[in-house]
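Take a look at the structure set out below.
This chain uses plain numbering: 1 for the first residue, then up along the sequence. Computed over heavy atoms, backbone and side chain alike; hydrogens, waters and symmetry mates excluded.
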Amino acid sequence: MDLELRHLKTIRAIADAGSLTKAATALGLAQPALSAQLKRIERALGGELFERGRFGVRPTPLGEFVLARARIVLPAVSELQEEAERFTRSWQDRRGFRLGGTHGPLLGGLVDRLAAAHPEQSVSTYTSWSEREIAAQVADGRLDFALVGTCGAAAPPERERLVWREVARDPVFVMLATGHRLAGEPEIDLADLADEAWTDVPGDGCFGDCFTAACARAGFTPSSVYETDTASCVHLVQVGRAVGLCRATFPPTGGIVTRPLAGTPLYWRHLLGWHPETYAHDTAAGVFAHARTAHAEAAARSESYSAWLASPGADVDDRAGDGGHNAGTGG
């Protein structure tokens with residue numbers, strides 16, 4: 001009998017369970033059938049793998065040797081299968097672009113540019129509040145590219161498996177109703193908003209830590225935060241119920257003005273990620289260039305951001321503080 005992967009799985013199951021009875025249950029076999037199978041495996045390997053005792057089984061020296069190899073071989077084969085499946089999915093979809101992104105117009109801008117540049121190829125999108133979910137789908141081969149963001153210098157998700165490149169780095173602005181008492185100011189101190197209610201979209205970034213830390217440095221704790229969808233955030237700001245943080249590229253919206261925060265206490269990094277062992281790697285340079293152009297176009301549409309960029313010393317690398325924010329209401 002030739003040794004097969006299923007035999008190694010059986011040996012590992014017996015060792016993990018500590019008894020033939022428990023292993024049989026875990027494997028969905030009758031105990032006599034498992035015992036017979038174990039004897040065949042032992043004959044093939046030339047000796048006993050387990051010592052049977054009153055309290056179950058334990059590996060013999062030969063069993064320990066085989067188990068040590070099994071613990072290397074089985075994960076390696078599982079990883080090979082996952083990589084092969086990911087490659088197959090990527091190869092099957094090689095004539096298109098599967099993009100994943102969080103909320104904000106940058107994803108729309110990238111879709112527009114790719115569709116215009118490659119009219120013969122399909123462009124599909126998947127959106128989620130969770131940067132981690134999107135990154136995991138790219139790592140598993142279900143998406144080609146992730147267009148997400150991180151707070152300040154925070155590391156991106158799945159950084160061990162994906163390649164990440166920074167598309168742009170923006171200051172975080174504040175959204176105010178056009179009738180707000182500070183709407184006419186060229187820039188606003190975060191401390192001047194200490195008595196305001198805030199609104200933001202959900203996400204798994206570091207809003208809680210970074211925003212709260214920035215407010216603490218400004219000498220206050222936010223009184224309340226309404227976490228809701230983008231449209232509701234915009235509405236709450238428009239009616240004066242709350243103020244909100246946004247990326248500087250937030251598009252012009254009726255009833256709202258966006259203003260920079262003095263000293264740039266918060267900033268946002270736009271990132272493009274892909275798996276280095278899929279078809280996406282061959283097209284990444286072009287997709288990255290389109291993403292940068294889409295960002296530049298979004299920045300140009302924002303009067304407040306254009307004014308900030310034209311101001312003396314407008315360099316987010318120099319002016320940004322230590323924190324960041326999941327600036328979730330757009331841009």
Side-chain angles (χ1 to χ4, degrees), residues 1-94 98 100 126 128 130-146 148 150 154-164 204 206 273-282:
M1 182 187 75
D2 293 330
L3 190 66
E4 301 176 11
L5 285 175
R6 62 187 180 91
H7 298 143
L8 294 180
K9 292 178 180 178
T10 296
I11 296 169
R12 186 178 64 180
I14 294 172
D16 290 345
S19 78
L20 290 177
T21 301
K22 293 179 180 178
T25 300
L27 294 170
L29 299 173
Q31 183 174 335
L34 179 60
S35 297
Q37 184 181 88
L38 177 59
K39 289 179 181 179
R40 290 194 296 271
I41 295 171
E42 289 176 329
R43 283 197 297 269
L45 292 175
E48 290 189 350
L49 299 177
F50 295 96
E51 295 177 354
R52 286 75 166 174
R54 180 179 177 183
F55 299 104
V57 298
R58 63 179 182 179
T60 64
L62 175 61
E64 292 285 5
F65 173 81
V66 174
L67 281 167
R69 297 300 188 272
R71 292 188 178 108
I72 296 173
V73 171
L74 291 175
V77 171
S78 178
E79 182 178 355
L80 171 62
Q81 183 175 356
E82 292 175 0
E83 293 286 344
E85 291 174 353
R86 178 165 54 240
F87 177 85
T88 299
R89 286 193 295 265
S90 176
W91 182 255
Q92 289 172 342
D93 292 312
R94 65 192 181 281
R98 300 172 302 169
Y126 176 83
S128 170
S130 171
E131 292 92 349
R132 295 172 188 167
E133 178 189 354
I134 292 169
Q137 293 213 31
V138 174
D140 292 338
R142 292 179 173 82
L143 294 172
D144 298 317
F145 294 96
V148 302
T150 62
E158 296 286 353
R159 61 187 181 276
E160 300 298 329
R161 296 200 286 172
L162 301 184
V163 174
W164 291 99
D204 51 16
C206 53
W274 64 90
H275 197 291
E277 297 177 6
T278 64
Y279 168 78
H281 186 70
D282 297 331

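- Electrostatic pairing of K9 and D16 does not count as a salt bridge here, judged by no charged N lying under 4.0 Å from a carboxylate O.
- The two residues R98 and R142 come nearest to each other via the heavy atoms NH1-O, 3.3 Å.
- A distance of 13.5 Å separates CG of L49 from NZ of K39, quoted to the nearest 0.5 Å.
- In this structure, W164 and P157 approach most closely via the heavy-atom pair NE1-O, 3.1 Å.
- Between L20 and S35 there is a side-chain heavy-atom pair separated by less than 4.5 Å.
- Under the 4.5 Å side-chain criterion, counting only non-hydrogen atoms from C-beta, L8 is not in contact with I41.
- Looking at every heavy atom in both residues, I11 comes nearest to F50 through O-CZ, 3.6 Å.
- Atom CZ of R161 has more than 12 heavy atoms from other residues, nucleotides or ligands within 6.0 Å.
- The shortest heavy-atom contact between G56 and S19 is CA-CB, 4.3 Å.
- When every heavy atom of S128 is checked against every heavy atom of E133, the shortest pair comes out as OG-OE1, 2.7 Å.
- Considering CD of E158 and NE2 of H275, their distance stands at 9.0 Å, rounded to 0.5 Å.
- Nearest approach of L143 to G100, heavy atoms of both residues: CD1-CA, 3.8 Å.
- Between E42 atom CD and E48 atom CD the span is 5.5 Å, to the nearest 0.5 Å.
- Within the 4.5 Å cutoff, the side chain of L5 has heavy atoms near those of the V73 side chain.
- The closest side-chain heavy-atom distance from V138 to T278 is not below 4.5 Å.
- Interatomic distance, L34 CG to T10 OG1, rounded to the nearest 0.5 Å: 6.5 Å.
- Atoms CG and CD, on L162 and E277 in that order, are 11.0 Å from each other to the nearest 0.5 Å.
- In this structure, R52 places its CZ atom where more than 12 heavy-atom neighbours from other residues, nucleotides or ligands lie under 6.0 Å away.
- Of the possible donor and acceptor atoms, none in the side chain of E64 sits under 3.5 Å from a partner among the backbone N and O of P59.
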